[in-house]
Every structure is written in structure tokens, then in C-alpha cells.
Enquirer: 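Take a look at this one; I'll ask things after.
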Amino acid sequence: MKKFTCVQDIGDLKIALSEAFEIKKDRFKYVELGRNKTLLMIFFNASLRTRLSTQKAATNLGMNVIVLDINQGAWKLETERGVIMDGDRPEHILEAIPVMGCYCDIIGVRAFAQFESRDFDYQETIINQFIQYSGRPVFSMEAATRHPLQSFADLITIEEYKKTPRPKVVLTWAPHPKALPQAVPNSFAEWMNATDYDFVITHPKGYELDPSFVGNAKVEYDQMKAFEGADFIYAKNWAAYSGDNYGKVLSTDREWTVGEKQMAVTNNAYFMHCLPVRRNMIVTDDVIECAQSIVIPEAANREISATVVIKRLLEGLE
Ligand code: CP
């Protein structure tokens, strides 16, 4: 594998899952693969899970790891070509990226949507520059439109907990005070659409996702109706995608907060969220603390998804 930014890069999901379960049984099985190889993790945005799980994954594979927080201790980077650099950004990303590539074998990048231009975000300008100019295999640690390491961990978790071959999985919008990117819901939809699960998306009108990510999923505007008979509830907030509303918060309606009322109409569904989660905005204390909440095993599977992905990138090195 030469890059990992979307579901297509991982290939056959059954093979990827069987690798994940093999690594889960013995996470140090490939510890020789990364000997004398270096992973550089670049963060343009904050992280808890991605930072820890990816670093752990790299050490499972015997790698050295360098972590760089662009906004803490590095020069501020200009990202657009043609800009007269007389402001507060002394380095251009087009020099910074190949320099970073000199010091490592594989690069992980976290660069969220900036909500200034939908085109800039949806063209994945930042991570594509890393792919183009670093000379190294690059993987996404959450980019502007997708969070594939999270989605792969979500898939592993659903496979572990599902009680029927074709579970009903519901992605629900839930309220949040700030504008959040669509990367997690886009990516979750992309990965769910690559399975044969019964997949439903529910959100208030105005929160339609990019149709290319919605794919063949059923969209149901009535949250209670969507939850009926569900086996998994995946909650997430996202800002509006459409037109002039791109990046805006259109509603903070707490009727959409996932609580016992909604969970009562499910098939004793498991509750999932990528974390961090705002309690009593996205989900009530009672639901996130209940026995059916699997947010912690879901987060634990981030180590597994990252180990599979970095292993594949190591195997693809020339
Ligand atoms: N789910 C997730 O990516 O968490 P972090 O933002 O803490 O890395």
C-alpha cells in the first residue's frame, strides 16, 4: 500500500478485517518489520486518541516515531501558492513537506477542514500536498473530508459486537455548540457503504452530507423512526455541507441528543461515538455509561486499525 486516505486504499475489507483480528491476537507479531524505520506524525490539529493509538501502533511494529505539532514549536506554514509571504507565516508548506520527508520513511498527517472554502477542503489540498511533495507513503490521521483510521476501527468494533450477519447501523446527527467537520460522518458512511449492512443516516433538514458519501444509504429525517430496530447507533455532530451554509451550525436542538427515549426503540442497540464527546449535547450521561455503550472498545480498536495500516505501508516500501 502506498497511501491510506480512504476505504478504497485498504482493498478487500474481509482481508483487512482478518489482518486486524490476527494483529489483535498478537500485536507484536510484525515487530521486526519497522526496525530502523521512522514514522513522522504531523498534527495541524489537536488529538488524544489518534496521537496515542498511532504512536502505539508504530511501536508495535518496531518503528521509531517523531511527532510534530505544527502549531506548537514549528514555524507557521503558508499553504497557498502565489501568496506574498509578508504576514505571520514564515515557511511555505511546499518547502516544509519535502524537508519533513528527508527525516522519515512514512508520514501520518492530521489536517482538518478549515471551513474557509469548501473547494479547498473537499479537494483535500493539505494531505494531497503531502502525498505529492514528501516522497513518502502518507496516511490520514483525519483529513478535511475523511477519518479512515477511525472508520476502520469502527468497522472492526461492529464486526466484534454484531449479533446478526447484516446488522442495522444508524448514523445520527446530534447537537454541538461549535461547527465540526464532516470527516467522521463522511468516512463512516463510506466504510458502511462498502459493507452489506443495513445502513441508515438520520439528521435534521439542512444537514445533508455530500451525496458521494451518502451513496446508497437510506436517509431518514425522523430520528425516532430511523432508530427503530437498530443494532448500532453511531452518533456524531457535523456542520452543514450544502451551498452557502457550508461550515455553519444550523441547529443545536437537544431533541436530537441521544437519550434513553431514542435507545428504547432500538434492538437493544450498541452506542458508538468516535470521541471526544460532549455529554448531554451529543449523548446523555445515562446512555454513554450504559452497558450497551462501546465507546471505549471502539477507541481501543484505533490501535489495531493503525497497526494494520502502518504494517501495509511498511510492506509497500521500496
Ligand atoms: N477519534 C479521534 O480521532 O480522537 P482524537 O481527535 O482525540 O484523535
Side-chain angles (χ1 to χ4, degrees), residues 4-7 9-10 20 39-60 65-72 106-115 121 124 126-127 130 138-158 160-161 169 171-174 176-192 213 232-239 258 270-279 281-283 287-288 293-310:
F4 178 70
T5 61
C6 61
V7 71
D9 291 332
I10 201 86
L39 170 65
L40 175 59
M41 296 165 63
I42 303 288
F43 288 93
F44 287 84
N45 312 95
S47 167
L48 188 155
R49 280 142 290 272
T50 304
R51 179 184 296 259
L52 297 180
S53 62
T54 310
Q55 189 158 355
K56 176 65 166 64
T59 55
N60 290 348
V65 181
I66 305 171
V67 182
L68 180 66
D69 287 292
I70 292 292
N71 297 321
Q72 289 171 21
I106 294 174
I107 302 181
V109 180
R110 166 163 283 202
F112 290 175
Q114 297 174 12
F115 285 152
D121 292 341
E124 288 289 8
I126 302 285
I127 197 162
F130 274 89
V138 169
F139 66 96
S140 168
M141 299 195 298
E142 184 170 345
T145 65
R146 294 177 175 88
H147 192 359
L149 283 175
Q150 179 66 53
S151 308
F152 187 14
D154 297 335
L155 177 65
I156 295 166
T157 311
I158 293 171
E160 285 177 324
Y161 281 85
V169 179
L171 167 64
T172 182
W173 179 93
H176 193 282
K178 294 190 170 167
L180 298 186
Q182 296 101 23
V184 169
N186 282 346
S187 202
F188 186 71
E190 184 174 69
W191 284 67
M192 291 300 101
F213 288 104
F232 292 88
I233 298 298
Y234 193 99
K236 186 71 184 80
N237 173 268
W238 62 88
V258 178
Y270 290 107
F271 176 81
M272 300 178 73
H273 188 281
C274 62
L275 304 180
V277 69
R278 289 188 184 236
R279 285 178 175 223
M281 287 295 294
I282 301 280
V283 58
V287 168
I288 198 164
S293 170
I294 52 172
V295 295
I296 304 304
E298 179 185 359
N301 278 332
R302 291 292 306 276
E303 177 188 345
I304 307 303
S305 64
T307 307
V308 173
V309 166
I310 299 168

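FYI, the numbering just counts along the sequence from 1. Both counts, for ligands and for their atoms, begin at 1 and track the order of listing.
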Enquirer: State the CD1-CZ distance between Ile126 and Phe112, to the nearest 0.5 angstrom.
Expert: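 So the gap between those two atoms works out to 13.0 Å.
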Enquirer: Please check if the side chain of Glu298 supplies one atom and the backbone of Ala153 the other of a donor-acceptor pair under 3.5 Å.
Expert: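 Not confirmed, Glu298 side chain does not pair with Ala153 backbone.
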Enquirer: Side chain or backbone of Met141 under 4.0 Å from ligand 1, or both, or neither, by non-hydrogen atoms?
Expert: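 Within the 4.0 Å criterion, Met141 makes no contact with ligand 1.
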Enquirer: Should the ring pair Phe44 and Phe130 be called parallel, tilted or perpendicular, given that the plane angle runs from 0 to 90° and is split at 30 and 60?
Expert: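 Rings of Phe44 and Phe130: perpendicular, as their planes differ by over 60°.
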Enquirer: Under 3.5 Å between any N/O of Leu48 and any N/O of ligand 1: does that happen in this structure?
Expert: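 Right, the criterion is met.
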Enquirer: Could you tell me whether a side-chain N or O of Gln150 sits under 3.5 Å from a main-chain N or O of Arg302, the two making a donor and an acceptor?
Expert: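 No.
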Enquirer: Taking the side chain from Asn186 and the backbone from Thr145, do they hold a donor-acceptor pair closer than 3.5 Å?
Expert: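 Yes, because the side chain of Asn186 sits within donor-acceptor range (under 3.5 Å) of the backbone of Thr145.
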Enquirer: Drop me the distance from Gln55's CD to Ile310's CD1, to the nearest 0.5 angstrom.
Expert: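 If I round to the nearest 0.5 Å, the distance is 10.0 Å.
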Enquirer: Which of the numbered atoms in ligand 1 are under 4.0 angstrom from any heavy atom belonging to Arg302?
Expert: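 Those atoms are 1 (N), 2 (C), 3 (O).
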Enquirer: Using a 4.0 Å cutoff against the non-hydrogen atoms of Cys274, which atoms of ligand 1 qualify?
Expert: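 In order of number, 1 (N).
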Enquirer: With nothing but distance in play, are any N or O atoms of Glu142 less than 3.5 Å from an N or O of ligand 1?
Expert: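 Between Glu142 and ligand 1 (N or O atoms, distance only) the closest approach is not under 3.5 Å.
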Enquirer: What are the atoms of ligand 1, with element, lying closer than 4.0 Å to any heavy atom of Leu275?
Expert: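 Heavy-atom distances to Leu275 below 4.0 Å select 1 (N), 2 (C), 4 (O).
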Enquirer: I need the nearest protein heavy-atom contact for atom 4 (O) of ligand 1: residue, atom name and distance, please.
Expert: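 Protein heavy atom with the smallest distance to atom 4 (O) of ligand 1: Arg49 NE, 2.9 Å.
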Enquirer: Among all protein heavy atoms, pick the one closest to atom 6 (O) of ligand 1 and tell me residue, atom and distance.
Expert: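 The answer is Arg110 NH1, 2.9 Å.
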Enquirer: Would you call the rings of Trp191 and Phe152 parallel, tilted or perpendicular, taking 30° and 60° as the class edges?
Expert: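 Rings of Trp191 and Phe152: parallel, under 30°.
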Enquirer: To which protein heavy atom is atom 3 (O) of ligand 1 closest, and what is the distance rounded to 0.1 Å?
Expert: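 Among all protein heavy atoms, the one nearest atom 3 (O) of ligand 1 is His147 NE2, 2.8 Å.
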